[in-house]
A.B. asks: 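Sharing a structure with you now.
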Amino acid sequence: MSGCTETGKPRIATLMAVYEPRIDWLREQLLSLNAQTYPNLMLYIRDDCSPTVPFDEIQSCVQDCIRAFPYEIRRNEKNLGSNGTFELLTREAEGEYFAYCDQDDVWLPQKLSCLEATMVEHTQMAYCDMEIIDGDGRKIAGSLKEIRPRLRYVQGEGLAEAYFFRNCTAGCSMLVRAEAAKKAVPFPVQTVCDQWIAIVAALLGEVQFVEQPLQGYRQHGDNQTGILTGVDSKASYRSKRILPFKERLAAYRRLAEPSPEMAAFIEAREQKHIRSIWRYRGFSPYEAVFEIAMCFLPDQIVKMFLRRSS
């Protein structure tokens, strides 16, 4: 199913993980996929064992909305979580490019066409900026940077180490070569799959950025985003923001040897070696300063700071 149509365009497989969807939001997203101007599409959907939204209702919504291209919809045998479901989709999907899709956003009709046009010979991944919409679909920001002031989009070659420490590419905004995505499998358990796919793509070649916002990114109370989600103390910061780098580093080593400095920075953060954290702070400046300060501050002060930063 990965061949070209008579238009000569390679197939893009859109991969959507669904869990407890609000059907009206899901319908908006599916209709926006159906309206894509790109001529060779396939949609793969997996429901991650939604406990209260019947699978028949999800199937019916997909059937009503998707008319322009073929699709497959399945239900997981057990709940796998977002990473597990997207990993399964990545394993089974076919196409030259993969586009990862959330269940509650809205894509502009030209999104996939614009991203595919940037995929030149050495490009492994392209991604775009996003407008921010609320639960009613109203635009509340023209760019993701308006609500995340520290966000810096990057593009070019040699970006794997930058992506390793900080992700600027939401999975729902990316188009990635299928070969790169499949090399990312299996996904590390403690790293959000968006970031891991971006790391692997950056290891294999160029990353391109489309400055134009090509979708509405819906912000609501149940979003699974934010680097401090679930972090409210020194202990939880350590377990969620420091220790997972060891697992990520082991996964990275399956594909490439990290620089000695990169490995040293990870070890320094784990062992609380203040001088080494400071020495290699260029990999992650804000986190390095915070973690050094955290060594001296009482937990109550750290908790107060984390509450204000969440």
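All heavy atoms count here, side chains included; hydrogens, waters and symmetry mates do not.
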A.B. asks: Check for a donor-acceptor pair, side chain of Glu257 on one end and backbone N or O of Arg253 on the other, with a separation under 3.5 Å.
C.D. replies: no
A.B. asks: I'd like to know if the side chain of Asp48 reaches the main chain of Leu80, judged simply by a donor and an acceptor atom lying under 3.5 Å from each other, with no hydrogens or angles considered.
C.D. replies: yes
A.B. asks: In terms of hydrophobic clusters joined by side-chain contacts under 4.5 Å, are Leu249 and Phe283 together?
C.D. replies: yes
A.B. asks: Any side-chain heavy atom of Ser60 within less than 4.5 Å of one from Asp64?
C.D. replies: yes
A.B. asks: Same cluster for Met16 and Met174 if Ile/Leu/Val/Met/Phe/Trp/Tyr side chains link at under 4.5 Å?
C.D. replies: no
A.B. asks: Are more than 12 heavy atoms from other residues, nucleotides or ligands located less than 6.0 Å from atom CD of Gln63?
C.D. replies: no
A.B. asks: Does Leu15 belong to the same Ile/Leu/Val/Met/Phe/Trp/Tyr cluster as Leu41, with side-chain heavy atoms less than 4.5 Å apart forming each link?
C.D. replies: no
A.B. asks: Please round to the nearest 0.5 Å and tell me the distance separating atom CG of Asp102 and atom CH2 of Trp107.
C.D. replies: 9.0 Å
A.B. asks: Write down the atom of Phe98, the atom of Thr90, and the distance for their closest heavy-atom approach.
C.D. replies: CE1-O, 3.8 Å
A.B. asks: I'd like to know if Val176 and Val120 are part of one continuous hydrophobic network [Ile/Leu/Val/Met/Phe/Trp/Tyr, side-chain heavy atoms within less than 4.5 Å].
C.D. replies: no
A.B. asks: Quick one: does Leu88's side chain get under 4.5 Å of Thr85's, heavy atoms only?
C.D. replies: no
A.B. asks: Kindly indicate, with the supporting measurements, whether the criterion side-chain hydrogen bond (donor to acceptor under 3.5 Å, both in side chains) is fulfilled by Tyr237 and Glu291.
C.D. replies: CA-CA 9 Å; Tyr237 182 95; Glu291 287 165 27; 2.7 Å; yes
A.B. asks: Would a distance-only check, ignoring hydrogens and angles, find a side-chain to backbone donor-acceptor pair under 3.5 Å from Asn34 to Arg67?
C.D. replies: yes
A.B. asks: Mark yes when over 12 heavy atoms from residues, nucleotides or ligands other than Lys182 sit less than 6.0 Å from its NZ; otherwise mark no.
C.D. replies: yes
A.B. asks: Between Gln215 and Ser173, is a side-chain contact (heavy atoms from CB on, under 4.5 Å) present by the stated rule, with each step listed?
C.D. replies: CA-CA 8 Å; Gln215 72 179 76; Ser173 73; 4.2 Å; yes
A.B. asks: Would you call Phe164 and Ile266 a side-chain contact if the rule is heavy atoms closer than 4.5 Å?
C.D. replies: yes
A.B. asks: Which of parallel (below 30°), tilted (30 to 60°) and perpendicular (above 60°) describes Phe209 and Tyr127?
C.D. replies: tilted
A.B. asks: Which atoms form the tightest heavy-atom contact between Ser143 and Ile132, and what is the distance?
C.D. replies: O-CG1, 4.0 Å
A.B. asks: Please evaluate residues Thr169 and Tyr163 with respect to the criterion side-chain hydrogen bond (donor to acceptor under 3.5 Å, both in side chains), reporting the C-alpha separation (whole Å), side-chain torsions for both, the decisive distance (0.1 Å), and the verdict.
C.D. replies: CA-CA 9 Å; Thr169 303; Tyr163 270 113; 2.7 Å; yes
A.B. asks: For Arg75, does the CZ atom have more than 12 heavy-atom neighbours from other residues, nucleotides or ligands under 6.0 Å away?
C.D. replies: yes
A.B. asks: Look at the rings of Phe86 and Tyr100 and say which category their plane angle falls in: under 30° parallel, 30 to 60° tilted, over 60° perpendicular.
C.D. replies: perpendicular
A.B. asks: Would Gln155 and Glu211 count as a side-chain contact (heavy atoms from CB on, under 4.5 Å) if you check the C-alpha gap in whole Å, the side-chain angles of each, and the deciding distance to 0.1 Å?
C.D. replies: CA-CA 11 Å; Gln155 63 179 337; Glu211 189 170 354; over 6 Å; no
A.B. asks: Ignoring hydrogens, what is the shortest heavy-atom contact between Ala184 and Trp196? Give both atom names and the distance.
C.D. replies: O-NE1, 2.7 Å
A.B. asks: Could you see if Tyr153 belongs to whatever hydrophobic cluster contains Leu159? Use Ile, Leu, Val, Met, Phe, Trp, Tyr and a side-chain cutoff under 4.5 Å.
C.D. replies: yes
A.B. asks: Do you know which of Arg177, Lys9, Lys111, Arg11 makes salt bridge (charged side-chain N to carboxylate O under 4.0 Å, His left out) with Glu116?
C.D. replies: Lys9
A.B. asks: For Arg91 and Pro186, work out which heavy atoms get closest and say how close.
C.D. replies: NH2-CB, 4.0 Å
A.B. asks: Closer than 3.5 angstrom, by distance alone: can the side chain of Glu146 be matched with the main-chain N or O of Gly142 as a donor-acceptor pair?
C.D. replies: yes
A.B. asks: With a 4.5 Å limit on heavy-atom distance, are the side chains of Pro21 and Asp104 in contact?
C.D. replies: no
A.B. asks: Test Gln271 against Ser276 for side-chain contact (heavy atoms from CB on, under 4.5 Å), laying out the working first.
C.D. replies: CA-CA 10 Å; Gln271 300 297 327; Ser276 294; over 6 Å; no
A.B. asks: Flag this pair as yes if the NZ/CZ of Arg281 is under 6.0 angstrom from the six-membered ring centre of Trp278 and inside a 45 degree cone about the axis; otherwise no.
C.D. replies: yes
A.B. asks: Rounded at 0.5 Å granularity, tell me how far CG in Asn76 sits from OG in Ser50.
C.D. replies: 9.5 Å
A.B. asks: Give a yes or no on this: more than 12 heavy atoms of other residues, nucleotides or ligands lie within 6.0 Å of atom CZ of Arg254.
C.D. replies: yes
A.B. asks: Do you know which of Glu28, Glu131, Gln103 makes side chain to side chain donor-acceptor pair (under 3.5 Å) with Arg218?
C.D. replies: Glu28
A.B. asks: Kindly compute the distance separating CG (Leu112) from CG (Asn40), expressed to the nearest 0.5 Å.
C.D. replies: 11.5 Å
A.B. asks: What distance separates Thr123 OG1 from Gln208 CD, expressed to the nearest 0.5 Å?
C.D. replies: 4.5 Å
A.B. asks: Mind checking whether Tyr44 and Glu94 have side chains closer than 4.5 Å, heavy atoms only?
C.D. replies: yes
A.B. asks: Do Phe187 and Gln195 make a side-chain contact, defined as non-hydrogen atoms from C-beta onward lying under 4.5 Å apart?
C.D. replies: no
A.B. asks: Test your reading of the model: is there a side-chain donor-acceptor pair from Lys234 to the backbone of Met294, 3.5 Å cut-off?
C.D. replies: yes
A.B. asks: Can you establish whether the number of heavy atoms outside Lys183 located under 6.0 Å from its atom NZ is more than 12?
C.D. replies: no
A.B. asks: If I compare all heavy atoms of Pro188 with all of Asn83, which pair ends up nearest, and what's the gap?
C.D. replies: O-ND2, 3.3 Å
A.B. asks: When rounded to the nearest 0.5 angstrom, what distance separates CD in Glu161 from CE in Met262?
C.D. replies: 5.0 Å
A.B. asks: Could you pull out the closest heavy-atom pair between Ala141 and Ile147, with the gap in Å?
C.D. replies: CB-CG2, 4.2 Å
A.B. asks: Just checking, any donor-acceptor pair under 3.5 angstrom between side chains of Tyr19 and Ser82?
C.D. replies: no
A.B. asks: Do Ser32 and Gln29 have side-chain N/O donor and acceptor atoms under 3.5 Å apart?
C.D. replies: yes
A.B. asks: If we ignore hydrogens and angles and just use 3.5 Å, is the side chain of Arg138 paired with the main-chain N or O of Gly135 as donor and acceptor?
C.D. replies: no
A.B. asks: Quick one: do Leu115 and Tyr38 satisfy side-chain contact (heavy atoms from CB on, under 4.5 Å)? Show the steps, please.
C.D. replies: CA-CA 10 Å; Leu115 290 175; Tyr38 191 80; over 6 Å; no
A.B. asks: May I ask you to check whether Thr52 and Glu20 show a side-chain donor-acceptor distance below 3.5 Å?
C.D. replies: yes
A.B. asks: Please confirm whether the backbone N or O of Val189 pairs with a side-chain atom of Glu247, one donor and one acceptor, at under 3.5 Å?
C.D. replies: yes
A.B. asks: Keeping the roles fixed (side chain from Ser236, backbone from Ser233), state whether a donor-acceptor pair exists under 3.5 Å.
C.D. replies: yes
A.B. asks: Should the heavy atoms of other residues, nucleotides or ligands under 6.0 Å from CD of Glu270 be counted, would the total exceed 12?
C.D. replies: yes
A.B. asks: For the residue pair Met42 and Glu72, establish whether any side-chain heavy-atom pair is separated by less than 4.5 Å.
C.D. replies: yes
A.B. asks: If you measure from the Lys or Arg side-chain nitrogens to the Asp or Glu carboxylate oxygens, is any gap between Glu92 and Arg46 under 4.0 Å?
C.D. replies: yes
A.B. asks: Determine whether Leu43 and Leu30 make a side-chain contact, defined as any pair of heavy atoms from C-beta on separated by less than 4.5 Å.
C.D. replies: yes
A.B. asks: Can you measure from NZ (Lys145) to CG (Leu151) and round to the nearest 0.5 angstrom?
C.D. replies: 7.5 Å
